[in-house]
Engineer: 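First the structure, then my questions, so here it is.
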Amino acid sequence: MSIKVLKFGGSSVGSPEAMGRAAAIVREELPNGGLVVVSALKGGTDRILEAVALAAKGDAAQARLVQEALESHHRNTASALGLLEEVREGWTPVFERLAKLLGGMAMLGEATPRARDAALAVGETLSAQLFAALLRHRGARAAFRDVGEVLHTDARFGQARPHLPALRKAAQAWAPELNGGATFVTQGFLGAAPDGAITTLGRGGSDTSASLLGEALDAAEVQIWTDVDGVLSADPSLVPEARPIPVMSLAEATSLTAFGAKVLHPDSLAPIARSGIRLVVANTLRPRASRTAILPEVPERGEGVVSVAYKEGLVILRLPASRSLLAEAAAKAAQVEEAGAHRFGFLVTPEGALIVLRPETIAARQLLNQWQQEGLELEEGWAVVALVGEGLRKDPAAKLRLLEPLGADAGAIGGLLAGCSAISTAALVREHRLVDLIPRLHRAWVETSLASASV
Ligand code: ADP
Ligand code: ASP
Ligand code: MG
């Protein structure tokens, strides 16, 4: 029998009511057992990061207050579910560990990436234990299992990468019980370094945990349960009219997430591509609403563009022309990525090079500042917008036409990033213009093609 993996994000386990809904979904989707991956309770990871930042400044008292708020929020949630006694034994050592970690950071006035990851693990560990208790309470044969038993990674704390052969081998120890009708609840976002230390996979990384575990267990399906009706035609916070996409190709999902659509973590799709597992995105708040199935290929359909994505907070690094420009630009890009930046564009022409980056860490930011001081040109305040759809394969010329709605705004555009993929086109735009440019692109291409497709 094939295993199913269900992942619940922060808002799906954000309140006692949401947890109750998630438990009902597990009962329906996993009548014969399976694997459940959960994120921290909504806001939990941010709160731990706040406590870590205070401790790293040496402010033990404030860090303690934030921990207390975190504890009471969790206790209130457990108590509203009638499960406080049930989780007490598992939770007490987890809270004690967090207090010790924060105390140590405050004493040193520093939070190392290793210690930060150990503190972050608390959020997912508490929620996974609570959710396992809830499922048991509702009659399921459910147990909490620590993901560190199987999800082996390297030691890049904060951005760990999986060690696939070790993961696959370790996951075999879970398979017999999962196939035998048990339900395991485990933590998203976390892994174990070669020396056993806890690692994290990057913010939003629980999606990646679910697909990696699905791959390692040869699962039949991975379901990502979140707070929207699947993957939508745009970010609903900028485009309230955004519509769900019932079926999309893996290539479309990969482009959208690479260009910033937050609904799935960009690293979550590689395991799906390698394994061919079916990936579904659904809404915990409306389980019977539409959902998105992500398949290796989609049947022919009317629309050219299915969705619009964007990512803000980008900087452009420009390098002047030189004889060794390609090697120099590649080395700079590799160095800043290693320091913790994401790369959104890399262009080398006879006139010079342009590298588009999003610094995610202090180290990456410092490196960019240092290069600026050394004379390289650094421009802040950029974003990328991308239009994605399988329909673009048939009509490569459309890629330029599609960006026309941006055209009247000479000051808003910083250049094209199109070219690599047959199914997307992208441009650099001024970050503060996103609020009007994204709805404008959606109106011009997605709403019109949806309207003509439904005629
Ligand atoms: P979770 O906590 O379940 O992982 P996230 O907040 O990480 O949820 O991702 C879901 C959110 O992604 C949605 O609430 C929505 O605001 C945002 N989002 C951005 N772009 C899209 C898109 N194209 N489709 C769906 N959701 C999107
Ligand atoms: N809890 C983690 C975060 O907030 C991981 C996740 O939600 O996927 O980033
Ligand atoms: Mg997420």
Engineer: Looking at every heavy atom in both A118 and R97, which two are closest together, and how far apart are they?
Structural biologist: CB-NH2, 3.8 Å
Engineer: Please work out whether the ring planes of W225 and F8 are parallel, tilted or perpendicular, with thresholds of 30° and 60°.
Structural biologist: parallel
Engineer: Using a strict 4.0 Å threshold on nitrogen-to-oxygen distance, state whether R156 and D117 make a salt bridge.
Structural biologist: no
Engineer: With distance as the sole test, does T257 use its side chain to make a donor-acceptor pair with the main-chain N or O of H265 at under 3.5 Å?
Structural biologist: no
Engineer: Taking T361 for its side chain and A339 for its backbone only, find out whether a donor-acceptor pair lies under 3.5 Å.
Structural biologist: yes
Engineer: List the steps and the verdict of side-chain contact (heavy atoms from CB on, under 4.5 Å) for L130 and M19.
Structural biologist: CA-CA 9 Å; L130 177 59; M19 275 221 168; 3.7 Å; yes
Engineer: Take F95 and L126 through the test side-chain contact (heavy atoms from CB on, under 4.5 Å) and record every step on the way to the result.
Structural biologist: CA-CA 9 Å; F95 286 135; L126 295 171; 3.5 Å; yes
Engineer: Mark yes or no for whether E215, through its side chain, and S275, through its backbone, hold a donor-acceptor pair below 3.5 Å.
Structural biologist: no
Engineer: Distance-only, no hydrogens or angles: does the Q159 side chain make a donor-acceptor pair with backbone N or O of T200 under 3.5 Å?
Structural biologist: no
Engineer: Within a 6.0 Å radius of atom CZ on R286, are there more than 12 heavy atoms belonging to other residues, nucleotides or ligands?
Structural biologist: no
Engineer: Without hydrogens or angle criteria, can the side chains of E337 and H342 be said to hold a donor-acceptor pair below 3.5 Å?
Structural biologist: no
Engineer: For the pair R243 and E241, find out whether any cationic side-chain nitrogen is under 4.0 Å from an anionic carboxylate oxygen.
Structural biologist: no
Engineer: Nearest 0.5 Å, please: how far is CD in E50 from CD in Q62?
Structural biologist: 9.0 Å
Engineer: Apply side-chain contact (heavy atoms from CB on, under 4.5 Å) to residues I224 and L279 and explain how you reach the verdict.
Structural biologist: CA-CA 8 Å; I224 304 289; L279 181 69; 3.9 Å; yes
Engineer: Can you tell me if E297 has over 12 outside heavy atoms packed within less than 6.0 Å of its CD?
Structural biologist: no
Engineer: Quick check for you: to the nearest 0.5 Å, what is the distance between L285 atom CG and S11 atom OG?
Structural biologist: 6.5 Å
Engineer: Counting N and O atoms only, with roles assigned by atom type, does the side chain of S424 sit under 3.5 Å from a partner on the main chain of V388, one being a donor and the other an acceptor?
Structural biologist: no
Engineer: Please round to the nearest 0.5 Å and tell me the distance separating atom CZ of R145 and atom OG1 of T186.
Structural biologist: 9.0 Å
Engineer: Between Q370 and Q366, do the side chains contain an N or O donor and an N or O acceptor separated by less than 3.5 Å?
Structural biologist: no
Engineer: Output yes when a side-chain donor or acceptor of S15 lies under 3.5 Å from a complementary backbone atom of A18, and no otherwise.
Structural biologist: yes
Engineer: Can you tell me how far the CD atom of Q372 sits from the CG atom of L367, to the nearest 0.5 Å?
Structural biologist: 12.0 Å
Engineer: Is the side chain of S127 donor-acceptor paired with the backbone N or O of S39 at a distance under 3.5 Å, no angle test?
Structural biologist: yes
Engineer: Rounded at 0.5 Å granularity, tell me how far CD in Q223 sits from CZ in R278.
Structural biologist: 8.5 Å
Engineer: With a 4.5 Å heavy-atom cut-off, do F259 and K311 have their side chains touching?
Structural biologist: no
Engineer: Is K332 salt-bridged to E328, cutoff N-O under 4.0 Å?
Structural biologist: no
Engineer: Measure the spacing between CD1 of I294 and CG of L269 and express it to the nearest 0.5 Å.
Structural biologist: 6.0 Å
Engineer: Side-chain contact, heavy-atom cut-off 4.5 Å: F184 with V36?
Structural biologist: no
Engineer: Show your working on side-chain contact (heavy atoms from CB on, under 4.5 Å) between D235 and I438 and close with a plain yes or no.
Structural biologist: CA-CA 9 Å; D235 180 347; I438 295 292; 6.0 Å; no
Engineer: Is it true that a side-chain atom of S255 and a backbone atom of E252 form a donor plus acceptor pair closer than 3.5 Å?
Structural biologist: no
Engineer: Is E431 reaching over with its side chain to a backbone N or O of G313, donor-acceptor style, under 3.5 angstrom?
Structural biologist: yes
Engineer: Thinking salt bridges, do D207 and K7 make one under a 4.0 Å N-O criterion?
Structural biologist: yes
Engineer: Is R114 paired with D195 through a side-chain N to carboxylate O contact shorter than 4.0 Å?
Structural biologist: yes
Engineer: At their closest point, which heavy atom of S12 faces which heavy atom of A22, and how far apart are they?
Structural biologist: O-CB, 3.8 Å
Engineer: Looking at E380 and R365, does any basic side-chain N land under 4.0 Å from a carboxylate oxygen?
Structural biologist: yes
Engineer: Whether the side chain of S211 engages the backbone of S268 through a donor-acceptor N/O pair (distance < 3.5 Å, no angle test) should be reported.
Structural biologist: yes
Engineer: Taking everything shown except E351 itself, do over 12 heavy atoms lie less than 6.0 Å from its CD?
Structural biologist: no
